[in-house]
Amino acid sequence: MRDAIEKADVLIEALGWIRRFRNKVTVIKLGGSVMENPDALRHCLIDIVFMETVGMRPVVIHGGGAAISRAMAEAKIEPHFIQGRRYTDDATLKIVEEVLAGQVCSNITQEVEDIGGRAMSLNLNPQCVLFGERMTLPGENGEEIDLGHVGSVTEVDRATIENLCYAGQVPIIPSMCIDKETGQKLNVNADTAANAVAEALGAEKLVFLSDVNGVRTDKDDPDTLVHSLNREKAEAMIKSGQIATGMIPKVEACLETLARGVSKIHIIDGRLRHSLLLEIYTNTGVGTEIVL
Ligand SMILES: Nc1ncnc2c1ncn2[C@@H]1O[C@H](COP(=O)(O)OP(=O)(O)O)[C@@H](O)[C@H]1O
Ligand SMILES: CC(=O)N[C@@H](CCC(=O)OP(=O)(O)O)C(=O)O
């Protein structure tokens with residue numbers, strides 16, 4: 001009986017949060033690293049179906065960097081990353097599209113349906129909701145670094161995403177966009193895509209599900225988790241090399257998005273069972289909160 005009462009207590013604790021986030025959009029970025037673990041992915045998707053069922057409006061943006069690199073290895077193409085972004089030539093773009101807009105997006109959509117939720121894949125064919133333009137990165141001496149077919153999102157089809165949400169469907173969006181002027185498909189870093197969508201939708205929350213417990217001062221030591229990270233500290237950690245690889249675009253994009261009005265951003269461990277529910281529906285904060 002005591003166990004049952006404790007379970008009911010948990011539901012009551014969630015009640016306030018369920019009310020607070022009812023009808024509010026939360027953008028969830030599913031990192032490729034967490035999707036490498038099918039059990040972890042399944043539990044993340046169960047949490048997302050729960051959120052939708054209790055009236056939240058979850059929107060999923062997914063990456064798939066590890067799966068792309070694997071497919072490239074099979075095709076004997078060496079991946080090349082510049083400041084956390086994949087240099088994308090024609091052959092790489094073809095693989096990115098097959099893996100992200102094809103396999104990964106379909107797998108997530110199918111799995112949400114298998115769990116009992118409703119999902120809609122917004123891959124490029126036939127429906128694209130992310131539009132953008134080719135981007136470059138600034139080099140050390142002020143020159144522009146070319147990344148090939150890599151883009152940044154400049155326009156989000158908000159109406160399509162919101163209509164799906166309000167019809168009880170979870171939109172599943174791969175991190176690719178189309179350049180409206182040229183029709184060219186572009187590879188987008190999934191963290192920057194998630195930030196663009198959160199900003200365009202005026203999301204209440206943006207949550208990154210990764211394969212680490214958050215930002216750490218020593219990237220290999222989970223005990224060095226930084227619970228709250230502001231711009232000054234983030235910039236210093238990037239400069240010193242403490243924040244490296246894929247964590248750089250994630251943190252940079254989060255700081256930009258906060259400055260543009262999304263109020264809550266968290267990086268949490270998608271491998272920790274129910275980390276998403278813990279973050280949203282309990283008083284136990286997990287991971288790193290990014291603040292201005
Ligand atoms: N300071 C840091 N704290 C935590 N992780 C870091 C840090 N610096 C670099 N990383 C790396 O960033 C990775 C997460 O980014 P990324 O590989 O892009 O994953 P995801 O697929 O979840 O976006 C971690 O697995 C870790 O290796
Ligand atoms: C331009 C660029 O780097 N695009 C990424 C898109 C996928 C991604 O970001 O996946 P994760 O979230 O798993 O890292 C890439 O090609 O890997």
Side-chain angles (χ1 to χ4, degrees), residues 28-37 40-41 44 60-72 77 79-89 91-101 103-105 108 130 132 134-137 145-153 173-177 185-196 206-227 229 233-254 266-271 275 287-288 290:
I28 298 142
K29 190 264 174 159
L30 271 174
S33 38
V34 78
M35 289 188 289
E36 289 297 287
N37 179 336
L41 173 62
C44 292
V60 173
I61 315 292
H62 69 81
I68 297 169
S69 294
R70 219 174 18 250
M72 287 179 75
I77 304 173
H80 176 41
F81 288 92
I82 306 165
Q83 296 175 32
R85 269 107 172 160
R86 186 186 310 270
Y87 182 81
T88 306
D89 58 12
T92 305
L93 184 69
K94 192 163 172 283
I95 292 176
V96 169
E97 187 177 357
E98 280 165 10
V99 173
L100 287 189
Q103 297 151 21
V104 178
C105 192
I108 296 174
L130 304 184
R134 237 176 126 117
M135 66 171 278
T136 55
L137 288 171
I145 303 176
D146 175 42
L147 295 165
H149 303 301
V150 170
S152 58
V153 175
I173 308 172
S175 62
M176 290 189 74
C177 71
K185 292 169 183 164
L186 297 166
N187 180 12
V188 183
N189 171 275
D191 298 320
T192 57
N195 278 280
L206 168 59
V207 184
F208 291 85
L209 293 171
S210 190
D211 67 340
V212 278
N213 59 345
V215 178
R216 306 161 173 172
T217 49
D218 173 353
K219 77 175 175 55
D220 299 317
D221 182 358
D223 291 338
T224 64
L225 176 70
V226 180
H227 293 277
L229 184 69
K233 194 163 176 180
E235 281 170 357
M237 285 177 74
I238 292 173
K239 206 166 174 192
S240 70
Q242 281 173 303
I243 290 179
T245 61
M247 198 51 85
I248 300 175
K250 209 185 298 293
V251 168
E252 283 179 345
C254 290
H266 297 265
I267 300 174
I268 63 176
D269 193 343
R271 301 163 311 169
S275 54
T288 299
I290 313 283

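The figures that follow rest on heavy atoms only: side chains count, while hydrogens, waters and symmetry mates do not. For the single chain, residues carry numbers from 1 onward in sequence order. Just follow the structure's listing: the first ligand is 1, and inside any ligand the first atom is 1.
- Residue contacts with ligand 2 for Lys29 involve side-chain atoms from C-beta outward but no N, CA, C or O (heavy atoms, distance under 4.0 Å).
- When only interatomic distances are considered, the shortest N/O to N/O separation between Thr88 and ligand 2 does not fall below 3.5 Å.
- The closest side-chain heavy-atom distance from Asn187 to Arg86 is below 4.5 Å.
- Checked for salt-bridge contact, Lys29 and Asp191 meet the test: a charged N lies under 4.0 Å from a carboxylate O.
- Applying the 4.0 Å criterion to heavy atoms of Gly32 picks out, from ligand 2, the atoms 11 (P), 12 (O), 13 (O).
- Less than 4.0 angstrom separates atom 27 (O) of ligand 1 from none of the non-hydrogen atoms of the protein.
- Using a 4.0 Å cut-off to heavy atoms of Ala190, the atoms of ligand 2 that qualify are 8 (C), 9 (O), 12 (O).
- Contact annotation: for Lys250 versus ligand 1, heavy atoms closer than 4.0 Å belong to the side chain alone.
- The side-chain heavy atoms of Asp269 and Val212, taken from C-beta on, include no pair separated by under 4.5 Å.
- Every atom of ligand 2 is numbered from 1 in the order shown, and the set under 4.0 Å from a heavy atom of Ser175 is 6 (C), 7 (C).
- Residues Leu186 and Arg134 meet the side-chain proximity criterion, which asks for heavy atoms closer than 4.5 Å.
- Counting atoms of ligand 1 from 1 in the listed order, those under 4.0 Å from a heavy atom of Arg216 are 1 (N), 2 (C), 3 (N), 4 (C).
- A salt bridge does not link Glu36 to Arg271: none of the charged side-chain nitrogens sits closer than 4.0 Å to a carboxylate oxygen.
- With a 4.5 Å cut-off on side-chain heavy atoms, His62 and Ser175 do not count as touching.
- Scanning the protein for heavy atoms near atom 7 (C) of ligand 1, the closest one is Lys219 CB, 3.4 Å.
- With respect to atom 22 (O) of ligand 1, the closest heavy atom belonging to the protein is Ser210 OG, 2.7 Å.
- At the top of the distance list for atom 20 (P) of ligand 1, counting protein heavy atoms only, stands Ser33 OG, 3.3 Å.
- Among residue pairs with one or both ends in residues 234-244, those qualifying as salt bridge (charged side-chain N to carboxylate O under 4.0 Å, His left out) are Arg231-Glu235; sequence neighbours excluded.
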